[in-house]
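Down below is the structure, laid out as structure tokens.
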Amino acid sequence: MQVLGLGIGFSQKVALMDRSCQLFNLLFCFILISGCSPQTGKINQVTSSFDALKCRTSAAIETEFIVQWEDGSFSVEKGVDPESFKQKFVALHVQKIKHVQINQKINLIQPISSQMINSTDQSRDDWGQSLIGTSAVWAEGFKGQNVKVAVVDSVIDVTHPQLRTRIAINTKETPDNGRDDDENGYVDDYLGFAFLSASASTQTNDHGSHVAGVIAADPNEGFMSGVAPQSQIVPASFLDGSGSGTLGDAVLALQYAAAREVKVVNSSWGGSGCSESLANVFMELSQKGILLVVAAGNSGADIDVTPFYPAIYNLAGQITVSASDLFDLVPAWSNTGFRNAHLTAPGVSILSTAFGGRYLTMDGTSMAAPFVAGAAAILWSAKPTATNLQIKEAILQGVDVVPGKNSKTLTRGRLNLEKSLDELRRLVP
Ligand SMILES: [Ca+2]
Ligand SMILES: [Ca+2]
């Protein structure tokens, strides 16, 4: 499985589409063990499943295995090779194991910024926020306060002036002492956690910081504002600066987000191929009441026909977001789908934060998804008792359907935060 960086500039569009076509040639190996069969039956099933592997590609990491346990939790385990892992680890723990998948490499295609923005330029029009009606809900006092949003992405610049005040602090953890003070399984996760087990990169990648800024940039510390400027970001990173990562790290990052008690998870990435572990962790989070906001992808595809994960999981607690522009037109590069894409949100020439105190505009469904994630945070700050299903329904019911520009999505419409708040008030009096 490869992961696409969904923030692209126009010049990268063609290269990205070419790359995405290659993805469908990649299949990956997993076994699925279900039910409560006797141990020997399970071992036989494990054995036959391993023997039946048909998709050992160059992307597979054959010494690492993503294990989902019967309690729903995940770990990534090491082994010498699949056969050895089957005989030793799986046979030993088979009664506690729900599912095993060989880990695989994933690669971010580096996003290209459309434009560097001078932070002294005060004249920029936040067209996206104007269109979805943020100022009206801010005026009512709803700014995403007390809502945590996980950004599962590349590493975020937590020192950016407009982000540093918006990073959720794990107050039970002492930073930089090499110990897991709160015993949540993560050492020094004071601000978040980076799952970069295979990384040797010292580069930075602006993708995660850009997504975080769209959601929560602090307007008191600079010239822009996030959609939900009082929400808090939980960084759960799994893609390094060079754009490399593993599926196992993605699964662990998602599991970590849930442990930090976020309400919303933004996933502006995706790929195709066997992704059973990813589907399983998404299901776990949806059932825990988390709203999963996912970018539809940038290859110009109909995702109802051409699979793109996690965009097409279509879980009860999931919203998949296509991109639209100032005129509510859907760019040719935006993935869509009447069944699996739910709505559009602003995703063209989107201003946000980048490493080193910089600002960039970017294009992509990566930028559209965090508009919806920020909107969800606002709605939850207005109605803290709402469920993820109610927040989703309010967002989908509240869309603007612009005559003649209906998007090829489930709702045919574009995010309208102001109307979604009205819908939520009907759902949660
Ligand atoms: Ca900890
Ligand atoms: Ca510590």
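FYI, the numbering just counts along the sequence from 1. Counting convention: from 1, in listed order, for ligands and their atoms alike.
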* **Geometric cation-pi criterion Lys263 and Trp380, 6.0 Å radius, 45° cone** => yes
* Under 3.5 Å, is there a donor-acceptor pair between the His207 and Ser268 side chains? -> no
* Residues in side chain to side chain contact (heavy atoms under 4.5 Å, CB included) contact with Val80, at least two apart in sequence or another chain -> Ser84
* Asked: Would you say Asn184 reaches the Ca ion (ligand 1) with an N/O/S atom under 3.0 Å?
  -> yes
* Asked: Protein N, O or S atoms less than 3.0 Å from the Ca ion (ligand 2), ignoring waters?
  -> Glu173 OE2, Thr174 O, Asn177 OD1, Arg179 O, Asp181 OD2, Asp188 OD1
* To do: Would you list the pairs meeting ring pair (Phe, Tyr, Trp, His ring centres under 6.0 Å) in which at least one residue belongs to residues 129-178, sequence neighbours left out?
  => His160-Tyr359
* Measure centre to centre between the rings of Trp69 and His99, then say whether the value is under 6.0 Å. => no
* Asked: Who pairs with Tyr313 by ring-ring contact (aromatic ring centres under 6.0 Å, His included), at least two apart in sequence or on another chain?
  -> Phe282, Tyr309
